[in-house]
Novice: 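What follows is a single structure, and I will ask about it in a moment.
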There are 2 protein chains.
Amino acid sequence: MTEIDREGPVPPYRQIAAILRDRIATGEIPPGRRIPSLVELEAEFAVARDTLRKAVQVLKDEGLVETVTGMGIYVRTPDGT
Amino acid sequence: MTEIDREGPVPPYRQIAAILRDRIATGEIPPGRRIPSLVELEAEFAVARDTLRKAVQVLKDEGLVETVTGMGIYVRTPDGT
DNA sequence: ATCCATTTGTGCGTATGTATC
DNA sequence: AGATACATACGCACAAATGGA
């Protein structure tokens, strides 16, 4: 369980986005691989789906990940995919 | 078609769980027997599969039923199975 | 061995309502 | 009023297991 600071000024969805962004940057989650499902992330961060959706949306807007309906959310590779 | 109250405070998935729990308790659906499939329940209660999934999850947590992929949802017997 | 229909399992996308700050 | 968060519900797509033709 990863702790989220609910007191500070940074909303949970931004904190989670930052954490996932870091995991991608460090290669902990390499390109082409799927990131944990919303259900798993829900358990890890103890937040609602809605919050996770927003966090993922941030990464999608940054072009770091892309979602595939019925499959999951994948880390984008430098080139295609 | 069994009616579900969508006005009250009790969410549909809890109402459905209660209905199925009652059918099991009264013996209407005896131990070892299969419960109607999700498709059939979908028709009976006019709700989405996601809602039924949650209702079934409640009964699974209570140890009343168990699911078998490709087969169905079965009422557990006091002893095994 | 193959194919297909059935059934549950697992994902995400979207929408609505409520509550809090 | 607006942003954030949570719970619930519905829809759609794909995967895996089972059983029968």
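By convention in this document, chain letters (A, B, ...) are assigned in the order of the sequence lines, proteins followed by strands, and residues within each chain are numbered from 1.
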Novice: Take atom CD1 of B:I35 and atom C1' of C:dT8, then tell me their distance rounded to the nearest Å.
Specialist: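 Atom CD1 in B:I35 sits about 13 Å away from atom C1' in C:dT8.
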Novice: Could you check which of D:dT8, C:dT8, C:dG9 has an atom nearest any side-chain atom of B:K60?
Specialist: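 Nearest to the side-chain atoms of B:K60, counting from C-beta on, is C:dG9.
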Novice: Whole angstrom is fine here: how far is it from CG in B:D5 over to C1' in D:dT8?
Specialist: 15 Å
Novice: In terms of side-chain heavy atoms of B:R53, which of C:dG13, C:dG11, C:dT10 is nearest?
Specialist: C:dT10
Novice: Which of the following nucleotides, D:dC10, C:dA15, C:dC12, is nearest to the side chain of A:L38?
Specialist: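 The listed nucleotide nearest to A:L38's side chain is C:dC12.
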Novice: Round to the nearest Å and state the distance from B:L52 atom CG to C:dT10 atom C1'.
Specialist: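 Nearest whole value for this atom pair: 16 Å.
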Novice: Counting only side-chain heavy atoms from C-beta out, which of D:dT4, D:dC10, D:dC6 sits nearest to B:D50?
Specialist: D:dC10
Novice: Nearest whole Å is fine: how far is D:dT8 C1' from B:I4 CD1?
Specialist: 14 Å
Novice: As a test of reading the structure: which of C:dG13, C:dT7, C:dG11 is closest to the side chain of B:S37, going by heavy atoms?
Specialist: C:dT7
Novice: If you check the B:M71 side chain, which of C:dC12, C:dA15, D:dG19 turns out closest?
Specialist: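 Among C:dC12, C:dA15, D:dG19, the one nearest the side chain of B:M71 is D:dG19.
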Novice: Can B:R23 and B:E44 be counted as an ion pair, charged N to O under 4.0 angstrom?
Specialist: yes
Novice: Taking the side chain of A:T67 as heavy atoms from C-beta outward, which of C:dG13, D:dC10, C:dG11 is closest to it?
Specialist: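 Selected nucleotide: C:dG13.
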Novice: Using a heavy-atom cut-off of 4.0 Å across all strands, would you classify A:V56 as base, sugar-phosphate, or nothing?
Specialist: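 No contact.
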Novice: Between B:L52 and B:L38, what is the shortest heavy-atom contact and its length?
Specialist: CD1-O, 3.4 Å
Novice: Does a side-chain N or O of A:T51 approach OP1 or OP2 of D:dC6 to a distance below 4.0 Å, or not?
Specialist: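 Answer yes for this pair, as a side-chain N or O of A:T51 is under 4.0 Å from OP1 or OP2.
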Novice: Hey, are the side chains of B:R21 and B:E62 touching, using non-hydrogen atoms and a 4.5 Å cut-off?
Specialist: yes
Novice: Name the closest nucleotide to the B:T69 side chain, picking from C:dG11, D:dA16, D:dC6.
Specialist: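 Closest nucleotide among those given: D:dA16.
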Novice: For A:R49, is there an ion pair with A:E42 - N to carboxylate O distance below 4.0 angstrom?
Specialist: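 Result for this pair is yes, salt bridge flagged.
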Novice: What's B:R49 touching, base or sugar-phosphate or nothing? Going by heavy atoms closer than 4.0 Å.
Specialist: base
Novice: Nearest-Å distance, OH (B:Y74) to P (D:dA17)?
Specialist: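 Answer to the nearest Å: 16 Å.
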Novice: Do A:L64 and A:R76 come close enough that some side-chain heavy atom pair is under 4.5 Å?
Specialist: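 The answer is no; the side chains never approach within 4.5 Å.
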Novice: For A:Q57 and D:dT4, what is the distance between atoms CD and C1' respectively, to the nearest whole Å?
Specialist: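 Atom-to-atom, A:Q57 to D:dT4, this comes out as 15 Å.
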Novice: Let me know the distance between CZ of B:R6 and C1' of C:dT16, rounded to the nearest Å.
Specialist: 13 Å
Novice: Distance check needed: C:dT8 C1' versus B:E40 CD, whole Å only.
Specialist: 13 Å
